[in-house]
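Lettering of chains follows the sequences in order, A, B, ..., and the numbering in each one begins at 1. Values below: every heavy atom of this structure, side chains too, minus hydrogens, waters and symmetry copies.
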Amino acid sequence: MDWTWFHKFGSPPHVYRLAGVLTPWFAWPAVAAILAGLYGGLVLAPPDYQQGDGFRIIYVHAPSAWLSVMIYATMAAAAFVGLVWRMKVAHAVAASCAGIGAWFTAVSLVTGMLWGKPMWGTYWVWDPRLTAQLILLLLFFGYMALRAGIDDLGRADRASAVLAVVGLVNVPIIRFSVDWWNSIHQAPSVMKLGRPTMPMDMLVPLLLMLLGFTLYFAAVLMVRLRAEVLRRERNASWLKEAVL
Amino acid sequence: MSEFLAMGGYAQFLWPAYALALLALVVNVVVARRALQAARAEVARRLAMQDGAGE
Amino acid sequence: MNTLSLSNWHVFRGERQVLRGVGFDLQGGRCLQVLGDNGSGKTTLLRSIAGLVPREAGELRWCGAVPADEGQFHADLGYLGHDPPLKADLDARENLAFALRVRRPVVAGEIDAALARVGAQAYADRPVRTLSAGQRRRIAFAALLCFRVPLWLLDEPTTNLDAAGIALLRELMDECLARGGLVVTATHQDLGLDPRRLDRLALAVLR
Amino acid sequence: MNTLSLSNWHVFRGERQVLRGVGFDLQGGRCLQVLGDNGSGKTTLLRSIAGLVPREAGELRWCGAVPADEGQFHADLGYLGHDPPLKADLDARENLAFALRVRRPVVAGEIDAALARVGAQAYADRPVRTLSAGQRRRIAFAALLCFRVPLWLLDEPTTNLDAAGIALLRELMDECLARGGLVVTATHQDLGLDPRRLDRLALAVLR
Amino acid sequence: MTPQPRTSALAAASAVLQRDLVLALRRPSQLLQPLAFFVVVTLLFPLGYTPELAKLRSIAPGVLWVGALLASVLALDSLFRDDAADGTLEQFVLAGQPLAALLFAKTAAHWLLTGLPLALMAPVTGIALGVPIEAMPGILCALCIGTVTLSLIGAIGAGLTLGVRRGGVLSSLLTLPLSVPVLVFGARATELAITGGSPSGALYLLAALMVLGLTLAPLAAAAAVRIGLE
Amino acid sequence: MTPQPRTSALAAASAVLQRDLVLALRRPSQLLQPLAFFVVVTLLFPLGYTPELAKLRSIAPGVLWVGALLASVLALDSLFRDDAADGTLEQFVLAGQPLAALLFAKTAAHWLLTGLPLALMAPVTGIALGVPIEAMPGILCALCIGTVTLSLIGAIGAGLTLGVRRGGVLSSLLTLPLSVPVLVFGARATELAITGGSPSGALYLLAALMVLGLTLAPLAAAAAVRIGLE
Ligand code: HEM
Ligand SMILES: Nc1ncnc2c1ncn2[C@@H]1O[C@H](COP(=O)(O)OP(=O)(O)OP(=O)(O)O)[C@@H](O)[C@H]1O
Ligand SMILES: Nc1ncnc2c1ncn2[C@@H]1O[C@H](COP(=O)(O)OP(=O)(O)OP(=O)(O)O)[C@@H](O)[C@H]1O
Ligand SMILES: [Mg+2]
Ligand SMILES: [Mg+2]
């Protein structure tokens with residue numbers, strides 16, 4: 001097996017350049033998909049027969065919820081790679097993820113709450129899914145707080161990587177336990193959209209938004225990654241070309 | 001148009017949700033670009049310092 | 001024979017490079033005195049040899065080979081930093097017993113022998129909290145003796161010691177060297193060791 | 001003129017008598033070097049003068065009188081113990097500023113002047129956590145300078161200092177004495193002070 | 001060697017207060033920590049008990065006050081420890097200033113960094129536990145007053161723990177029982193606020209405890225610290 | 001200089017365990033604090049809630065578990081701190097023994113000194129909350145198993161926050177969310193035990209969590225401590 005690609009991937013100059021090249025390829029499709037999804041979701045899609053126009057919150061809520069989970073997985077995977085193979089670039093990826101992840105977790109929570117008020121009559125219920133999402137936000141906060149608490153970048157990288165990996169093992173367990181927790185009490189059972197399948201003109205915008213948000217994350221990640229890589233390179237010769 | 005904005009009575013929930021999502025999208029882009037610019041400036045400063053010291 | 005050699009050693013603390021391309025070869029029976037101004041990286045060097053501070057680059061050879069198992073290398077070294085690693089609530093004997101038992105089984109009498117060697121019998125059964133700074137140092141030396149390791153890393157070992165204490169330290173180091181051991185020590189004070197057994201490594205503050 | 005005199009000083013640590021009937025008279029402009037083996041009570045003496053350890057008996061006179069107000073005596077003394085009293089998360093400048101402001105208003109520029117005096121400008125704005133042991137010591141001396149107190153109590157001040165640092169310490173002490181100040185110091189190392197300005201007090205381990 | 005102009009005790013105390021705040025706020029993320037901490041503690045109760053808001057409401061007083069107690073115990077443990085370990089506390093004793101004033105400043109900083117954020121967070125945690133909005137002013141008030149007393153009691157305990165031998169057992173046996181009245185009156189005030197009663201009686205008692213604490217605790221803490229430092 | 005006979009990791013770990021127990025017994029205050037905290041927390045709820053045992057019984061699982069969780073978080077704060085401050089932890093790293101084993105021994109000592117007493121205390125607090133005697137075995141079992149996992153998770157948090165100021169709050173912030181599964185299953189088992197159901201399903205899940213913790217947590221804690229010591 002040829003491992004050169006792996007080393008190449010781990011080399012900061014290469015990653016810096018690659019991320020720079022990739023950014024527009026993620027960014028523009030993301031813009032297109034999000035705009036199309038918005039138009040489809042807000043204008044073309046018909047009102048829901050139960051929820052009227054209120055259901056349109058789904059087009060921001062579901063993508064951000066999906067993104068939050070995806071970002072955590074990305075972060076933890078990168079942290080694991082960084083920890084095991086001592087790859088600085090992987091730590092840089094993990095560090096870049098946390099902030100974005102916390103934002104989108106918060107967005108999914110707040111949009112969910114805004115949706116919950118008209119649907120359930122209250123902003124907050126202790127539903128398993130909501131609770132799990134709140135815990136995810138706390139995990140992101142914990143990760144960021146730990147990072148901010150340690151001055152030395154290398155130490156911060158590795159300490160927070162341990163936390164992310166532990167969280168990776170635990171997140172599914174938390175999810176499962178929280179589901180189980182509420183299954184024993186009477187469930188609020190309002191979380192369903194009330195219909196097995198979604199009509200195409202509702203579904204397509206949602207898929208477009210999911211795609212758009214994912215690409216958007218990739219684009220922002222690339223930019224942040226470049227910044228992180230620069231921050232981590234102390235006195236490498238390639239920096240001169242890179243900055244100019 | 002105003003009908004569209006009213007969103008069938010859900011405007012007070014729907015638009016804040018969209019506004020927040022938009023805010024998140026914009027803020028993350030801005031933060032990322034700022035970070036990149038700052039990192040570049042820092043590298044440039046260090047390189048200038050090294051050059052200065054090397055002479 | 002025991003040998004320790006470092007080559008091309010680079011260590012960073014935070015963003016700051018502290019050691020750049022340091023290296024040395026030390027034979028058994030010899031002492032390496034690390035010299036340098038305050039902040040030149042003596043502590044950093046000792047800690048990075050022990051593996052307490054990660055190095056950016058560099059190779060360490062112990063008895064001619066890169067230690068395959070870090071644990072085995074650790075089992076061969078005794079590190080004494082700026083502060084004596086003692087539990088304030090335990091007395092000297094207990095401190096030594098626990099420190100030793102983590103490494104190997106205790107042989108009857110050896111702890112008392114070591115305490116006697118450093119002249120600490122008189123206060124061996126008082127909680128370390130109630131000892132003076134120099135008395136604590138002596139107990140830390142007793143622990144080091146008990147370890148019976150071939151490689152000593154001593155960071156400013158003369159701190160807090162009176163004249164008799166420094167003479168004792170010199171004797172202990174001499175004995176260690178005579179047994180074929182190696183000592184790497186950072187100290188600003190001259191220890192009065194036999195110059196034929198002494199190597200010197202000078203560090204400078206970088207940048 | 002500032003004078004410090006102790007008479008019939010008895011101090012216990014726990015059940016143990018450490019100082020028995022110690023006394024001295026120290027004139028302004030003179031340095032008292034407290035000598036004694038490890039455990040003879042040097043630290044205890046300095047701390048009990050400062051009032052950090054209570055005494056069983058004994059009288060202290062400062063400028064000829066028993067200080068009516070302990071606070072006023074404290075305001076006149078600077079104590080430097082085994083470890084430099086610095087906050088690891090603050091940088092040198094902040095450490096000095098806060099230490100000073102607890103005592104008196106800060107005058108513009110004095111902190112930087114003191115840091116320059118001890119040669120610590122280069123690392124004055126790094127968190128103390130990232131400094132080496134000797135660098136921390138220097139910052140502690142800068143704080144002492146800033147206090148501008150007539151009485152210095154220095155417990156093993158040479159610890160961790162390189163040769164330049166010890167020379168600096170000697171100069172600082174000389175200046176303090178020249179200003180009419182008093183220094184009481186416990187040290188095992190000879191400081192090279194002018195012997196005409198030096199008094200000596202030898203302590204022995206009791207019992 | 002001219003005699004030094006000494007600052008007033010007030011100026012010295014404010015320097016200490018400022019120093020502690022600077023130390024704590026050095027990293028902005030620390031501002032968020034108490035917030036996240038109370039959210040976590042509040043989260044535990046629905047998970048351990050029931051998700052029904054109607055039932056949660058009835059334990060809300062307990063939840064809020066347990067959170068307050070825990071936060072102050074957790075943070076107080078280290079109130080003087082760091083300063084004692086690095087010698088700063090010694091320098092306080094030697095500063096020529098009333099030690100009680102300096103320690104009071106430290107306690108005040110502690111309250112500003114834990115007690116106050118906790119009280120300010122109460123509306124949020126309250127809503128999550130189904131507490132009606134009208135109850136908030138009373139709850140906020142009770143928490144503000146109560147946490148001051150908790151901090152003060154904790155300061156005595158933290159001082160006593162410095163000299164382990166002497167104060168060891170005492171400190172925990174002393175501080176927790178001392179804080180029980182605060183918890184009882186605090187929970188009572190909170191409960192009354194939630195159920196629509198008038199919490200003012202309980203609030204007066206809380207305030208009385210606080211005044212008692214303000215007058216006695218700094219002196220006791222100073223005595224404890226002096227002993228602990230020996 | 002003959003090569004030294006190294007002890008097995010087991011013997012080394014048992015030395016560490018013994019040392020920690022000896023140390024703790026020299027400082028009884030550290031033993032009492034979590035226990036006292038637990039008792040105060042569990043007794044606080046009847047005060048604010050209701051004196052009716054029937055109603056109290058329904059909140060007992062939540063109260064017991066939240067109390068246990070918070071008490072163990074409180075005690076974990078200091079798990080590695082003292083050893084790190086006096087250099088003992090460094091000597092552990094340099095002992096030539098697997099660090100995970102030594103840290104596991106420390107965690108075990110911690111559990112023996114807080115988790116176990118807490119579990120043994122539960123019958124007393126349980127009775128105060130109106131829990132029937134028959135439920136006690138199940139509750140005791142659940143608390144014993146659950147607190148082991150809590151200690152293990154806490155060890156990771158304590159290791160990660162070694163070099164961090166005000167680490168106590170941060171480490172609780174890191175560990176509490178991770179402890180949610182223990183809380184959920186523990187409270188569930190307790191509830192079943194109280195209502196007369198069979199808690200074994202929940203107990204199995206708790207045990208599974210414990211096994212997972214036993215295998216992974218010492219490794220993670222060792223990695224964390226190594227990083228924290230640098
Ligand atoms: C604070 C409140 C809420 C939170 C934290 C929340 C959280 C989540 C999460 C975590 C997901 C899963 C995303 C994924 O796994 O990919 C999700 C998806 C979704 N949520 Fe919410 N939600 C909230 C409120 C609501 C409300 C009120 C509704 C509608 C009545 C709703 C409808 C949906 C739908 C339709 C999806 C996408 C379909 C699916 O993945 O099953 N959510 N939300
Ligand atoms: N954690 C850290 N972060 C950044 N820089 C550090 C850190 N620790 C030490 N340094 C810096 O590294 C350099 C070497 O420190 P080190 O403690 O090794 O010096 P030293 O030679 O032992 O000095 P001394 O004689 O004062 O003990 C110093 O300039 C110090 O400021
Ligand atoms: N808290 C205490 N309880 C009981 N005895 C104590 C206590 N502290 C110190 N001692 C004893 O008092 C004596 C004097 O201690 P002190 O620290 O003053 O010595 P020292 O002269 O400073 O020694 P060194 O040169 O080692 O610093 C010692 O014998 C010590 O064991
Ligand atoms: Mg050093
Ligand atoms: Mg001394």
Identify each donor-acceptor pair in which a side-chain atom of residues 168-177 of chain F lies under 3.5 Å from a protein atom, sequence neighbours left out, and give them as a table.
from     : atom 1 : to       : atom 2 : distance (Å)
F:Ser171 : OG     : F:Gly167 : O      : 3.4
F:Ser171 : OG     : F:Gly168 : O      : 3.2
F:Ser172 : OG     : F:Gly168 : O      : 3.4
F:Ser172 : OG     : F:Val169 : O      : 2.7
F:Thr175 : OG1    : F:Ser171 : O      : 2.7

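- A:Arg155 places a side-chain N or O within donor-acceptor distance of the main-chain N or O of F:Ile227, the cut-off being under 3.5 Å.
- Residues of residues 126-143 of chain F lying within less than 4.5 angstrom of chain A, judged on heavy atoms, are absent.
- Annotation: residues 160-170 of chain A contacts chain F through A:Val162, A:Leu163, A:Val166, A:Gly167, A:Val169, A:Asn170 [non-hydrogen atoms, separation under 4.5 Å].
- For A:Phe141, no part lies near chain F; criterion is any non-hydrogen pair under 4.5 Å.
- Ring geometry for A:Phe176 versus F:Phe185: interplanar angle of 30 to 60°, hence tilted.
- Chosen from F:Leu160, F:Val164, F:Ile156, the residue pairing most often with chain A at heavy-atom distances under 4.5 Å is F:Leu160.
- Of all residues in residues 205-222 of chain F, those placing a non-hydrogen atom less than 4.5 angstrom from a non-hydrogen atom of chain A are F:Leu205, F:Leu209, F:Leu212, F:Leu216, F:Ala220.
- Between A:Ser177 and F:Pro181, the closest heavy-atom pair is OG-CA, 3.5 Å.
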